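First up is the structure itself, then whatever we jot down about it.
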Amino acid sequence: MRSKIVAGNWKMNKTLEEATALTSEILKMVTDEVSSDAKVILCTPFPYLLPVKKQLDNQTRIATGAQNCSEHEAGAYTGEVSAPMLASMGIPYVILGHSERRQYFGEGGSLLAKKVDVVLKHGLTPIYCCGEPLDVRERNEHEALVKQQVEESLFHLDADTIKKIVIAYEPVWAIGTGKTASAQQAQDMHAVIRKHLADKYGQATADSISILYGGSVNAGNAKELFACADVDGGLVGGASLKAKEFVEIIKSIS
Ligand code: PEP
């Protein structure tokens, strides 16, 4: 059975004080109110990973994740953070290929394949994001683009290794816009991704990979989205910055 996961992507938000307060609130509510065994991941800015991890140290329900890392393991790359650094801090997850990284930092398929490899080499789990911009959907080319994004950064992996990846389908037109994909649109794309994985790796492998939906998930729409057969949880941006709403989203997973 694949894991159900709700990951919060804090992006470049919060002061340290606000980040620790948010973590405390989420931790208390998850401990007191959440009965499912869904994995919860807080993907914080780099400087907050250790303090947040320390707050979460005596429990196993909530883990930490980074939002990016370098394709290099070490060296003269000023301002970058490496997978070995994250591993040495005990950070288990890292988001790779978020559309904001693709759009503002020019990240593409071959670079992301290198990042996937270095992250896996150091024992972290990549949360690999894919998804189409609005014009691509309007031209009805979204399936082809998302299949290509999955292929170019993941299909060099063997079947045992690809099982270690989490995929997040995030239509770019739904990220931070308040416009969510309908449950049907999300399910259709998740099924396309799973079939693509099955065609390459076999159904059993495809069935073991968690595929999260991201794009304006909130407390009002999470239940319907998470009820879709191929949606295994969510990658949540804006709504993960509000403890109560984020925990309501976590509760929407059954
Ligand atoms: C995201 O940043 O991955 C995201 C899905 O953002 P939002 O939930 O704000 O649309």
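The analysis underlying the following values was restricted to heavy atoms, covering all of them including side chains, and did not include hydrogens, waters or symmetry mates. Counting starts at 1 for both ligands and their atoms, following the listed order. Bear in mind that the values here come from a model prediction, so they are computed numbers and not experimental data.
Between A239 and ligand 1 there is no heavy-atom distance shorter than 4.0 Å. In this structure, S240 does not count as a contact residue of ligand 1, since none of its heavy atoms falls inside 4.0 Å of the ligand.
Between the Q67 side chain and the C43 main chain, a donor and an acceptor come within less than 3.5 Å of each other. Without hydrogens or angle criteria, Q149 side chain to G131 main chain gives a donor-acceptor distance under 3.5 Å. Without hydrogens or angle criteria, K115 side chain to C69 main chain gives a donor-acceptor distance under 3.5 Å.
Which parts of ligand 1 touch A174 is read off a 4.0 Å heavy-atom cut-off, strictly below it: atoms 10 (O). Those atoms of ligand 1 with a heavy atom of G215 less than 4.0 angstrom away are 5 (C), 10 (O).
Taking distance alone, with nitrogen or oxygen atoms compared against 3.5 Å, T177 stays at or beyond that limit from ligand 1. No N or O atom of I175 sits closer than 3.5 Å to an N or O atom of ligand 1. Some N or O of K11 is nearer than 3.5 Å to an N or O of ligand 1, by distance alone.
Listed by chain and residue number, Y169 satisfy the ring pair (Phe, Tyr, Trp, His ring centres under 6.0 Å) test with H190 (two or more places apart in sequence, or in another chain).
Of all the listed residues (G176, G237, P171), G176 holds the heavy atom that lies closest to atom 10 (O) of ligand 1.
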